[in-house]
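Okay, so here's the structure we're looking at.
Lettering of chains follows the sequences in order, A, B, ..., and the numbering in each one begins at 1.
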Protein chains: 2
Amino acid sequence: MSHSLSIAPPRPKDLPLNALRAFEVSARLGGFAAAGQELNVSPGAVSAHVKTLEEAVGAPLFQRTARGVVLTPLGRRVLPEFSRAFDDLAAAVRLLRSEAAPNTVHIATLPSVAQLWLSPRLPELRRIAPEISVSITALEEPPNLKRTPYDLCLFFDESRGQQVAEDWIFPVCAPGFGTLTDPADLRRVACITDTTWRDDWQDWAGQDVAAQGPVYSLYALALEETLNGAGVLMGHLPLVERHLAAGTLREPFGRRVKTPRALRVWSVRPTASGAARRVMDWLSDSR
Amino acid sequence: MSHSLSIAPPRPKDLPLNALRAFEVSARLGGFAAAGQELNVSPGAVSAHVKTLEEAVGAPLFQRTARGVVLTPLGRRVLPEFSRAFDDLAAAVRLLRSEAAPNTVHIATLPSVAQLWLSPRLPELRRIAPEISVSITALEEPPNLKRTPYDLCLFFDESRGQQVAEDWIFPVCAPGFGTLTDPADLRRVACITDTTWRDDWQDWAGQDVAAQGPVYSLYALALEETLNGAGVLMGHLPLVERHLAAGTLREPFGRRVKTPRALRVWSVRPTASGAARRVMDWLSDSR
DNA sequence: AAACTAGGGTCAGAAAAAGTGAGTCATTCC
DNA sequence: GGAATGACTCACTTTTTCTGACCCTAGTTT
């Protein structure tokens with residue numbers, strides 16, 4: 001038995017909150033890199049946090065392998081408790097936010113959806129519900145609603161939440177782009193690709209297509225180039241229908257393919273607060 | 001309605017954990033100064049944290065008055081959720097600690113008890129339970145067990161936990177200190193006082209006594225001086241009985257007064273982990 | 001087998017956060 | 001009126017956190 005009659009370090013200093021969170025996220029997501037993404041920090045930072053914690057506790061929480069990390073029995077044993085605590089904490093934060101600003105709704109969505117689908121519809125929302133203030137954050141991936149401060153997620157997804165619009169894909173181009181009568185003609189022209197939908201051409205063609213042509217990281221940019229006559233873009237119905245209706249884009253072929261991932265909206269748990277609920281319903285009713 | 005199509009600050013950055021904790025503690029204890037004590041930081045640090053949080057949230061959580069702070073309705077509304085979340089988090093930390101070091105027991109106690117009562121008994125514990133490792137932290141006040149990393153509290157208290165020893169008080173002095181036959185003689189000599197028991201002399205005499213004589217902030221130090229013949233000390237039975245038995249202290253008067261605050265031990269919740277439970281039982285059985 | 005990839009670990013330096021301590025101010029208590 | 005309480009402010013220091021570049025290992029691909 002060893003005693004430490006410590007008056008010097010008057011406290012065994014309790015464990016740092018941020019390190020605990022780093023552990024919980026890493027354990028839940030199964031890796032430091034993934035945790036770094038959710039926490040918006042580099043993997044090294046997460047690694048350091050976990051190491052700090054392990055040293056403070058005096059026992060390893062992860063077993064390191066060259067391919068990643070695995071929870072130790074100790075880590076596995078305590079993870080659920082931490083997950084629950086942090087879930088509750090996040091819920092408390094959500095409550096705080098919604099009580100402090102009951103008429104503000106934070107929406108997370110794809111950059112392309114934000115710009116091409118949501119933004120044009122906002123004036124109508126303002127007309128219908130002028131007291132609601134909407135803030136939109138563009139993200140490449142749907143965030144973990146349980147842990148992030150968003151009220152609604154609006155993304156293309158197979159099953160979550162309520163459907164807002166179906167996703168049909170088909171080539172589109174500028175009205176005066178030139179003659180395209182047969183899909184085979186596509187081999188002659190620039191087929192524009194967006195990084196978030198790398199497989200669009202294959203999905204539409206139903207076969208392997210060597211995607212030749214420029215690649216953009218923002219769909220809205222790709223669309224802009226298409227309007228300028230730079231090539232043929234794989235259009236997503238919700239994102240291009242206004243241009244089709246306005247005649248600023250045309251659809252050279254009749255063939256449309258429905259993807260399994262519709263534009264859908266969801267919130268944390270079934271229950272969303274008042275304003276968020278209203279916006280969600282409004283989104284679902286949108287044409 | 002105002003929109004912010006933010007790509008620039010890609011995230012509404014979630015609320016800082018430490019600020020949330022500062023809020024919770026301040027709200028629970030009803031002040032920043034008290035919170036600072038529990039958190040082991042200065043009041044200014046707590047104040048700054050809360051301010052950060054209020055700015056991030058965009059609404060005040062406390063109403064400041066000259067005499068302290070009062071929760072706003074918003075603060076009152078969300079406090080329970082935060083308290084619960086932080087309680088759970090602390091419980092998870094406790095679990096982690098106990099699983100990582102199942103045979104370590106952290107005891108918080110008064111400096112005087114640590115040195116004069118607990119320390120002499122530890123060899124016996126080592127004999128009985130050699131696998132248990134005890135760490136002792138001396139604190140002036142019983143810590144909030146729900147939030148601090150201690151397994152057991154050993155303090156003088158009226159009601160909490162299990163009784164370990166009764167607290168009787170009576171003057172003691174070195175064997176050759178001189179003749180003291182009547183309490184009135186005390187007026188001639190130095191009556192040593194300890195800061196944590198400022199009222200001892202009054203409690204024993206049953207009347208106002210102008211406590212003349214040196215004041216020590218550590219009882220063990222006051223006792224040391226008493227052994228050296230520097231004066232008369234108000235003895236607490238559990239802390240001086242060994243010296244009485246050994247003859248290194250004598251009790252000049254027969255009068256002993258029992259205080260309502262016995263030496264008691266308690267742990268978080270009724271249930272303590274294995275090793276903590278064993279130590280607690282051993283303490284309760286101690287003579 | 002060589003190259004590639006995914007994931008961690010480490011380090012030095014930079015940036016941000018947290019903390020302190022002294023001094024201020026406004027009440028309330030005596 | 002004076003002391004005590006409790007919070008705020010400000011300049012400054014200390015600690016924590018983060019990054020970015022680099023290394024390492026073990027599967028995977030070519």
Look at A:Lys51 and C:dT10 and indicate whether a side-chain polar atom (N or O) is within less than 4.0 Å of OP1 or OP2.
yes
Nucleotide-resolved protein contact map, nucleotides 12-24 of chain D, B/S/- at heavy-atom distance under 4.0 Å:
-----SSB-----
Gap separating the CD atom of B:Gln37 from the CG atom of B:Leu39, nearest 0.5 angstrom
10.5 Å
Whole Å only: how far is the CG atom of A:Leu29 from the P atom of C:dA6?
18 Å
Side-chain contact, heavy-atom cut-off 4.5 Å: A:Thr193 with A:Asp200?
no
Whole Å only: how far is the CD atom of B:Glu55 from the P atom of C:dA18?
13 Å
If you look only at distance, which donor and acceptor atoms sit under 3.5 Å apart when one is on a side chain in residues 21-35 of chain B and the other is two or more places apart or in another chain?
{"unit_1": "B:Arg21", "atom_1": "NH2", "unit_2": "B:Asn18", "atom_2": "OD1", "d": "3.1"}
{"unit_1": "B:Glu24", "atom_1": "OE1", "unit_2": "B:Arg28", "atom_2": "NH2", "d": "3.2"}
{"unit_1": "B:Glu24", "atom_1": "OE1", "unit_2": "B:Arg147", "atom_2": "NH1", "d": "2.7"}
{"unit_1": "B:Glu24", "atom_1": "OE2", "unit_2": "B:Arg28", "atom_2": "NE", "d": "3.0"}
{"unit_1": "B:Glu24", "atom_1": "OE2", "unit_2": "B:Ser83", "atom_2": "OG", "d": "2.6"}
{"unit_1": "B:Glu24", "atom_1": "OE2", "unit_2": "B:Arg147", "atom_2": "NH2", "d": "3.1"}
{"unit_1": "B:Ser26", "atom_1": "OG", "unit_2": "B:Ala22", "atom_2": "O", "d": "2.7"}
{"unit_1": "B:Arg28", "atom_1": "NH2", "unit_2": "B:Glu38", "atom_2": "OE2", "d": "2.9"}

Would you mind reading off the distance between B:Leu39 atom CG and C:dT20 atom C1', rounded to a whole angstrom?
15 Å
Once salt bridge (Lys or Arg N to Asp or Glu O under 4.0 Å) is applied, do any residues pair with B:Arg76, and if so which ones, sequence neighbours excluded?
none
Can you check the A:Asp14 CG to C:dA18 P distance for me, whole Å?
15 Å
To check you understand the geometry: which heavy-atom pair defines the closest contact between B:Leu218 and B:Pro111, and what is its length?
CD2-CB, 3.8 Å
With A:Pro214 via side-chain contact (heavy atoms from CB on, under 4.5 Å) - residues at least two apart
A:Ala190, A:Ile192, A:Tyr216
What parts of residues 58-69 of chain B reach DNA chain C, counting only heavy atoms under 4.0 Å away?
B:Ala66, B:Arg67
Quick one, B:Leu53 and B:Leu20 - any side-chain contact, counting heavy atoms below 4.5 Å?
yes
To the nearest angstrom, the CZ-P distance between A:Phe23 and C:dG8 comes to 14 Å
Among residues at least two apart in sequence or on other chains, which ones pass ring pair (Phe, Tyr, Trp, His ring centres under 6.0 Å) with A:His49?
none
